[in-house]
Amino acid sequence: MVYLRSEEHLERWLRAAGHEPGATFSAVTLNELAQRWWGSRLDPDWRPRPVEESQTILDDVGLTGAFWRLA
Amino acid sequence: MDAFDLAVRRVVYARVVADARPPTAAEVAAELEHDDDEIARAFRRLHDSHALVLRDGSLEIRFANPFCFDSTPHRVTAAGRAWTGTCAWDALGIPAALHRDGHVDSECACCGEPIELEVTDEELTRGADLLVHFVVPARRWWDDIGFT
């Protein structure tokens with residue numbers, strides 16, 4: 001999970017690293033995901049989150065499709 | 001995850017936030033007044049359930065996500081302390097977990113040029129033009145969490 005400056009840098013990095021393209025989105029969306037995903041991590045009553053709830057978070061920030069299926 | 005393991009996890013995260021470093025199993029044992037062996041077993045169960053990540057063959061905590069105790073390019077300042085994020089996602093996860101504003105100093109994976117992101121009142125107020133790339137599909141994140 002990396003940051004890139006532009007589409008051009010993304011394509012150059014994928015070629016250099018030999019990675020198949022995965023999923024690309026904006027840092028704004030990543031922050032929305034981070035707020036939802038990690039916001040309860042330090043809660044005193046934290047419990048492991050059911051997969052269905054985690055999937056809902058991904059769906060809610062627009063990360064949908066086969067790549068984002070947790071199970 | 002039973003109540004004991006949740007209590008161990010709670011102490012681990014409390015120590016991480018207080019000290020900006022992970023506690024040892026012995027430190028958690030002392031705080032909870034339990035045997036070191038009981039805490040060691042709890043650490044391993046928490047690792048197996050992805051609630052912590054231990055170093056290979058060790059009881060040393062490597063990740064208490066989003067907090068990372070390896071060297072990575074993702075340096076985070078939040079709540080008056082310096083932290084390390086495991087990855088791009090976890091770097092933004094640290095201000096989110098702490099419920100504080102935060103600043104991320106990182107780099108472009110392609111060119112290594114420094115980049116900065118800023119989170120204010122939960123919103124990304126700097127770095128909004130940056131892209132993020134995930135190589136590993138969600139169902140395989142835990143196959144090799146260090147790579148993911």
Side-chain angles (χ1 to χ4, degrees), chain A residues 1-59 61-71, chain B residues 1 5-6 9-10 13-14 16-17 46 49-51 64-67 73-74 85-99 102 104 106-111 113 115 117-119 122-142 147-148:
Chain A
M1 304 170 189
V2 297
Y3 297 115
L4 294 136
R5 300 173 76 87
S6 66
E7 290 281 354
E8 180 191 343
H9 283 229
L10 167 63
E11 289 169 17
R12 199 185 308 160
W13 175 72
L14 286 170
R15 277 198 305 275
H19 293 311
E20 290 294 318
T24 306
F25 52 101
S26 76
V28 173
T29 298
L30 184 67
N31 184 57
E32 292 171 10
L33 176 62
Q35 293 291 333
R36 291 282 304 273
W37 195 274
W38 298 116
S40 61
R41 199 68 172 184
L42 299 175
D43 289 356
D45 59 350
W46 179 91
R47 297 283 187 282
R49 186 164 51 217
V51 170
E52 297 76 16
E53 286 183 24
S54 295
Q55 195 70 62
T56 297
I57 292 173
L58 294 170
D59 290 347
V61 300
L63 300 175
T64 59
F67 187 91
W68 296 104
R69 300 307 302 173
L70 289 161
Chain B
M1 191 174 294
D5 288 359
L6 286 168
R9 180 199 172 276
R10 205 158 37 241
Y13 272 83
V16 166
V17 171
L46 289 165
S49 61
H50 303 161
N65 299 82
F67 304 97
H74 311 293
T86 312
C87 62
W89 183 9
D90 286 13
L92 288 173
I94 291 171
L98 294 168
H99 295 282
V104 177
S106 184
E107 64 185 26
C108 174
C110 174
C111 64
E113 285 293 310
I115 60 168
L117 302 94
E118 192 92 30
V119 177
E122 301 185 0
E123 301 290 330
L124 192 67
T125 52
R126 185 172 186 178
D129 54 335
L130 295 168
L131 296 177
V132 179
H133 191 80
F134 281 37
V135 170
V136 180
R139 71 169 58 84
R140 290 177 33 215
W141 285 344
W142 283 95
F147 176 73
T148 296

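Note: hydrogens, waters and symmetry copies are ignored here, and every other heavy atom, side chains too, is used. Just so it is clear, the model here is predicted, and its values are computed rather than measured. Chain identifiers are assigned alphabetically (A, B, ...) following the order of the sequence lines, protein sequences preceding nucleic acid strands; residue numbering begins at 1 within each chain.
The two residues B:P66 and A:R41 come nearest to each other via the heavy atoms CD-CG, 4.1 Å. For B:A109 against A:L4, the heavy-atom pair with the smallest separation is CB-CD2, 4.0 Å. Across B:G93 and A:A34, no two heavy atoms sit closer than the pair N-CB, 3.8 Å. Closest non-hydrogen pair, B:A138 versus A:L70, comes out as CB-CD2, 3.8 Å. Considering every non-hydrogen atom in both A:A27 and B:L117, the closest pair reads CB-CD2, 4.0 Å. Nearest heavy atom pair, residue A:W13 against residue B:V135, reads CH2-CG2, 3.7 Å.
Looking at B:N65 and A:W38, their side chains come closer than 4.5 Å, going by heavy atoms from C-beta outward.
By the 30° and 60° cut-offs, the orientation of the rings of A:Y3 relative to B:H74 is perpendicular.
The CH2 atom of B:W89 sits 4.5 Å away from atom CG of A:L33, with the distance rounded to the nearest 0.5 Å. To the nearest 0.5 Å, the span separating SG on B:C108 from CG on A:L10 amounts to 9.0 Å.
Neither the backbone nor the side chain of B:I94 has a heavy atom closer than 4.5 Å to any heavy atom of chain A. For A:Q55, no part lies under 4.5 angstrom from a heavy atom of chain B. Within the 4.5 angstrom heavy-atom criterion, only backbone atoms of A:S6 (N, CA, C, O) approach chain B. Both the backbone and the side chain of B:D90 come within contact range of chain A, with heavy atoms under 4.5 Å apart. Residue B:V119 touches chain A through its side chain alone, counting heavy-atom pairs closer than 4.5 Å. B:V17 touches chain A through its side chain: at least one heavy atom from C-beta onward sits under 4.5 Å away, while N, CA, C and O do not. Both the backbone and the side chain of B:E113 come within contact range of chain A, judged by heavy atoms closer than 4.5 Å. Contacts of A:A17 with chain B are absent, with no heavy-atom separation under 4.5 Å from either backbone or side chain. Only the side chain of A:L14 comes within contact range of chain B, with heavy atoms under 4.5 Å apart. For chain A, the nearby parts of B:L130 are the backbone and the side chain; heavy atoms of each come within less than 4.5 Å.
Just one of A:H9, A:R5, A:E8, A:R15 meets the side chain to side chain contact (heavy atoms under 4.5 Å, CB included) condition when paired with B:C110; it is A:H9.
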Exercise. Is there a ring pair (Phe, Tyr, Trp, His ring centres under 6.0 Å) between B:F134 and A:F25 once you walk through the steps?
Worked result: CA-CA 9 Å; B:F134 281 37; A:F25 52 101; 5.3 Å; yes

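Looking only at distances, no side-chain donor or acceptor of B:H133 sits under 3.5 Å from a matching main-chain atom of A:M1. Looking only at distances, a side-chain donor or acceptor of A:N31 sits under 3.5 Å from a matching main-chain atom of B:E122.
Most heavy-atom pairs under 4.5 Å with chain B: of the set A:R12, A:R36, A:R69, A:E20, this distinction falls to A:R69. Options A:V51, A:L42, A:V28 differ in how many heavy-atom pairs under 4.5 Å they form with chain B, and the most are formed by A:L42.
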Side-chain atoms of residues 43-50 of chain A: list all donor-acceptor pairs with protein atoms under 3.5 Å, sequence neighbours left out, distances to 0.1 Å.
residue	atom	partner	partner atom	Å
A:R47	NH1	A:D45	O	3.3
A:R49	NE	A:S54	OG	3.0
A:R49	NH1	A:W37	O	3.1
A:R49	NH2	A:W37	O	3.3

